Amino acid sequence: MGNISPASGGDGAARIIVALDVETQEKACSLVRELAPPLRYFKVGFRLFVACGPSVIAALQGLGAKIFLDLKFHDIPNTVAEAAAAAARLGVAMFNVHLSGGREMIRAAVDAAAAAAEQLGRSRPHVLGVTVLSSFHEAALAETGVARTIDDQVVALARLGLDCGLDGVIASPREAMLLRQHLGGDFLIVTPGVRPAGAAADDQQRILTPRQALQAGASYLVIGRPIIKDAVPRQAMQNILEELNTEQ
Ligand code: C5P
């Protein structure tokens, strides 16, 4: 594994991951053409991957995109290992697993991704962990048999993930602060739920602006609708970059 610090100071473009939450390869490619460069990172989730298949990844990479494959693997260790190896062979920059899959599953994902990447002479993709989905509230977590509070469970699962060799976690901006306090600075935090000042909150709770999210300890910001639903996505991106790159 190389250096996991995401970007040198001031390069806001290197900190943004645009969520390509669209349903066709054509729309996804057109967004990448519009935004890259200066942006480099794009997230492919269930919606696009299930609709288009792995060929969408190659098409986006052909346009210079680095891909975060957001499929949140969670299964028995052997199955997750096969999926992780396949993700590494696709050449994605990052992919993720559910930390509630447990130690053996997490280790299997990291090891299989490393082995597959090594066979191809590439560096291993970053493997990230999902702690507790932001849709959970305390009662819903208790109903799954977890007696801890959400905050305690987030920290405990993140600690487990890092102990198993993960590169980082997905976390809300509020959790980012908590995780930095408990677990330090030496891992990636990828943060959705970010909204530029003045943008619609959509269905996101506890939103922070991009600058606030970085100050809270985020390494990368996942931003979808504020960019992709804007009438002029490149202008929306420019506005965010200006905010990020302005010293305050
Ligand atoms: O459009 P928006 O900026 O809300 O997109 C955020 C992206 O991050 C979406 O792809 C969404 O699925 C994902 N995400 C999230 N909240 C989480 C985890 C992932 O919004 N807690």
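Both counts, for ligands and for their atoms, begin at 1 and track the order of listing. In what follows, residues are counted from 1 in the order of the sequence shown. What you see is a predicted model, and the numbers here were worked out from it, not measured in a lab.
Counting only distance, with no hydrogens or angles, the side chain of N96 and the backbone of F73 share no donor-acceptor pair below 3.5 Å. For Q61 (side chain) and G91 (main-chain N/O), a donor-acceptor pair under 3.5 Å exists by modelled atom type.
Side-chain rings of Y41 and F68 stay apart, their centers remaining 6.0 Å or farther from each other.
Counting the atoms of ligand 1 from 1 in the order shown, those under 4.0 Å from a heavy atom of G224 are 1 (O), 2 (P), 3 (O), 5 (O). Residue-ligand proximity, S134 to ligand 1, at heavy-atom distances under 4.0 Å covers atoms 16 (N), 17 (C), 21 (N). Atoms of ligand 1 found under 4.0 Å from any heavy atom of R225, numbered from 1 in the order shown, are 1 (O), 2 (P), 3 (O), 4 (O). If you number the atoms of ligand 1 from 1 as listed, the ones under 4.0 Å from a heavy atom of D21 come out as 9 (C), 10 (O). Taking every non-hydrogen atom of V222 and a distance limit under 4.0 Å, the qualifying atoms of ligand 1 come out as 7 (C), 8 (O). Against a heavy-atom cut-off of under 4.0 Å, R195 is close to the following atoms of ligand 1: 1 (O), 2 (P), 3 (O), 4 (O). Atoms of ligand 1 lying under 4.0 Å from any heavy atom of P226, numbered from 1 in the order shown and given with element: 3 (O).
Between Q153 and F136 there is no side-chain heavy-atom pair separated by less than 4.5 Å. Between S172 and S134 there is no side-chain heavy-atom pair separated by less than 4.5 Å. When side chains are defined from C-beta on, H74 counts as touching M105, because their heavy atoms get closer than 4.5 Å. A 4.5 Å side-chain heavy-atom check between N239 and P196 finds every atom pair outside the cut-off.
Using 4.0 Å as the threshold, G193 has no heavy atom nearer than that to any atom of ligand 1. The shortest heavy-atom distance from D202 to ligand 1 is not under 4.0 Å. No heavy atom of K229 sits closer than 4.0 Å to any atom of ligand 1.
Smallest separation of non-hydrogen atoms from R195 and R225: NH2-NH2, 3.6 Å.
Closest protein heavy atom to atom 11 (C) of ligand 1: K43 NZ, 4.3 Å. What sits closest to atom 19 (C) of ligand 1 on the protein, heavy atoms only, is P192 CG, 3.7 Å. Protein heavy atom at the shortest distance from atom 20 (O) of ligand 1 is Q204 NE2, 2.8 Å.
In the displayed structure, E104 atom CD is contacted under 6.0 Å by at most 12 heavy atoms of other residues, nucleotides or ligands.
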